[in-house]
Number of protein chains: 2
Amino acid sequence: MSSTIDLLRTSGVKVTPGRVRVYEALAAAAQPLSHADLEARLPDADRVTLYRVLDTLVVCGLAMKAVDARGVFRFSASGAQSEHRRHAHFRCTDCGRVFCLKDAPPPPPKLPRGFRLADAEYDLRGTCANCARAHHK
Amino acid sequence: MSSTIDLLRTSGVKVTPGRVRVYEALAAAAQPLSHADLEARLPDADRVTLYRVLDTLVVCGLAMKAVDARGVFRFSASGAQSEHRRHAHFRCTDCGRVFCLKDAPPPPPKLPRGFRLADAEYDLRGTCANCARAHHK
DNA sequence: CAATATTTGCAACACTGTTGCATTTGCAAC
DNA sequence: GTTGCAAATGCAACAGTGTTGCAAATATTG
């Protein structure tokens with residue numbers, strides 16, 4: 001099994017206690033966590049450092065960042081696969097969770113002449129099964 | 001033709017100059033507007049009143065509220081905006097311009113059971129014709 | 001026009017996120 | 001180990017977005 005330390009090292013960022021603890025908190029969580037959630041779980045962490053650690057994890061691909069329905073950023077551990085580009089994502093507008101759809105991504109539409117495609121993202125938004133159920137409780 | 005005043009009256013809320021102006025600004029906009037956008041368009045409006053007017057319009061069904069990628073609420077007059085949803089966008093990573101692709105977007109993939117699709121966006125990124133040509137100068 | 005429930009404007013606040021800068025720390029090279 | 005230095009941290013201050021309380025103004029109803 002690959003430790004958090006190895007994950008960080010492999011991702012090319014310095015290994016610090018803060019990054020280890022934040023990543024492990026994200027990985028242990030069942031839901032994407034907001035900055036406030038993480039502050040509650042890691043009471044000793046500095047507010048600003050926490051923001052910067054989260055940024056680092058997102059940039060190096062270890063975490064994903066999304067916006068929930070209240071406009072708050074939520075973060076989730078993304079298990080280090082940066083293959084997140086070429087398949088469709090479903091983002092729940094309620095809980096902010098992102099689901100990867102395994103179905104083959106649809107072929108990109110034709111582009112005007114001269115345009116060069118670097119990257120494509122099919123983003124679906126809506127309500128996930130959990131939140132849909134919770135809605136008409 | 002139904003004037004804004006009639007729309008408001010029909011929706012069961014008091015008709016005030018602020019509500020009329022805000023609704024008409026929303027209806028005239030090509031994109032959903034943030035609170036800040038509206039403040040720029042209506043320089044005389046009070047900040048807080050603007051928030052409350054927007055809330056009222058949403059509650060009475062004349063406007064829709066959504067969160068953008070930066071976590072900011074954006075508002076649009078109901079009825080508008082359903083057409084800008086279902087087509088693909090190409091964003092040039094060089095000049096930042098966004099092009100709307102007229103071709104019909106591919107059908108959304110199948111979702112897991114219980115998931116409800118509200119909105120889909122096919123985002124392509126790359127280099128537009130202009131910038132591609134400029135590149136091998 | 002008068003009565004009254006709503007709405008407005010203002011001040012103050014709360015939450016989320018960012019920037020600048022001095023200090024500490026990871027880590028690589030000795 | 002020790003050292004050097006870029007990077008990360010902690011702190012303070014700030015910026016943007018949204019909310020609450022309350023007194024004054026106003027849209028509707030009769």
Side-chain angles (χ1 to χ4, degrees), chain A residues 3-26 32-76 93 95-96, chain B residues 3-26 32-60 62-76:
Chain A
S3 71
T4 303
I5 290 183
D6 290 337
L7 272 178
L8 285 165
R9 214 181 296 280
T10 306
S11 303
V13 299
K14 283 190 185 175
V15 178
T16 68
R19 288 173 180 173
V20 173
R21 285 189 307 155
V22 170
Y23 178 81
E24 291 182 344
L26 288 181
L33 302 180
S34 67
H35 177 273
D37 293 336
L38 282 162
E39 259 191 311
R41 281 169 172 73
L42 309 169
D44 296 335
D46 177 71
R47 244 172 57 78
V48 176
T49 301
L50 186 44
Y51 276 115
R52 292 200 264 229
V53 166
L54 287 169
D55 245 21
T56 304
L57 293 180
V58 169
V59 167
C60 77
L62 289 180
M64 295 184 20
K65 184 180 188 177
V67 192
D68 73 5
R70 288 205 330 276
V72 176
F73 291 129
R74 303 198 93 93
F75 301 85
S76 52
T93 50
C95 65
Chain B
S3 71
T4 303
I5 290 184
D6 291 336
L7 271 178
L8 285 165
R9 213 180 295 282
T10 305
S11 303
V13 298
K14 285 190 182 173
V15 177
T16 68
R19 288 174 181 173
V20 173
R21 285 191 307 155
V22 171
Y23 178 82
E24 291 182 345
L26 289 181
L33 301 180
S34 67
H35 177 273
D37 292 337
L38 282 161
E39 259 193 310
R41 280 167 172 73
L42 309 169
D44 295 334
D46 178 70
R47 244 173 56 77
V48 176
T49 300
L50 187 43
Y51 276 115
R52 292 200 264 229
V53 165
L54 287 168
D55 247 19
T56 303
L57 293 180
V58 169
V59 166
C60 78
L62 288 180
M64 294 179 42
K65 183 180 188 177
V67 196
D68 73 5
R70 289 205 330 277
V72 176
F73 292 130
R74 304 199 93 94
F75 301 86
S76 51

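Chain A is the first sequence line, chain B the second, and so forth, proteins listed ahead of strands; every chain is numbered from 1.
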Completion exercise
Taken in chain and number order and not counting sequence neighbours, the residues that satisfy side chain to side chain contact (heavy atoms under 4.5 Å, CB included) with A:Thr10 are none

Completion exercise
If each end axis of the helix from C:dC1-D:dG30 to C:dC30-D:dG1 is fitted on five C1' pair positions, the angle between them, to 10 degrees, is 40°

Handout entry: d(CG, B:Asp55; P, D:dT20) in whole Å
Key = 10 Å

Fill in the blank from the handout: Rounded to whole Å, CG of B:Leu8 lies from P of C:dT6 at a distance of 17 Å

Practice task
Let me see the working for A:Val58 and A:Met64 under side chain to side chain contact (heavy atoms under 4.5 Å, CB included), right down to the final yes or no.
Solution key: CA-CA 6 Å; A:Val58 169; A:Met64 295 184 20; over 6 Å; no

Fill in the blank from the handout: Whole-Å distance, B:Leu54 CG to D:dG18 P, equals 10 Å

Practice task
In whole angstrom, give the distance that lies between atom CG of B:Asp68 and atom C1' of D:dG18.
Solution key: 14 Å

Problem - Rounded distance [0.5 Å steps], OH in A:Tyr51 versus CZ in A:Phe75 - result: 8.0 Å

Exercise for the section: Check whether any side-chain heavy atom of B:Arg21 sits under 4.5 Å from a side-chain heavy atom of B:Arg41, and report yes or no. Expected result: no

Completion exercise
Heavy-atom nearest nucleotide on DNA chain D taken for B:Phe73 and for B:Arg9; more 5' hit belongs to B:Phe73

Completion exercise
Once base and sugar-phosphate atoms are separated, protein heavy atoms under 4.0 Å mark nucleotides 5-16 of chain D, 5' to 3', with B, S and - as -BSSBBBB----

Exercise for the section: Kindly say if A:Tyr51 contacts the phosphate of C:dT18, meaning a side-chain N or O under 4.0 Å from OP1 or OP2. Expected result: no

Practice task
Provide, to the nearest angstrom, the distance between the CG atom belonging to B:Leu50 and the P atom belonging to C:dT7.
Solution key: 15 Å

Exercise for the section: Output yes when a side-chain donor or acceptor of A:His35 lies under 3.5 Å from a complementary backbone atom of A:Leu54, and no otherwise. Expected result: no

Practice task
Compare all side-chain heavy atoms of B:Leu26 with those of B:Leu38 and state whether any distance is below 4.5 angstrom.
Solution key: yes

Problem - Length of the CG-P vector between B:Leu38 and D:dG18, whole Å - result: 11 Å

Handout entry: Partners meeting side chain to side chain contact (heavy atoms under 4.5 Å, CB included) with A:Ser34 (sequence neighbours left out)
Key = A:Ala36, A:Asp37, A:Val72, A:Arg74

Handout entry: Rounded distance in Å - CD (B:Glu39) to C1' (C:dC10)
Key = 14 Å

Problem - Partners passing side chain to side chain contact (heavy atoms under 4.5 Å, CB included) against A:Val15 (at least two apart in sequence or in another chain) - result: A:Ile5, A:Leu8, A:Arg9, A:Val20

Handout entry: Separation of C:dC15 P from A:His35 NE2 (nearest whole Å)
Key = 13 Å

Practice task
Only counting residues at least two apart or in another chain, list the ones meeting side chain to side chain contact (heavy atoms under 4.5 Å, CB included) with A:Asp55.
Solution key: A:Lys65

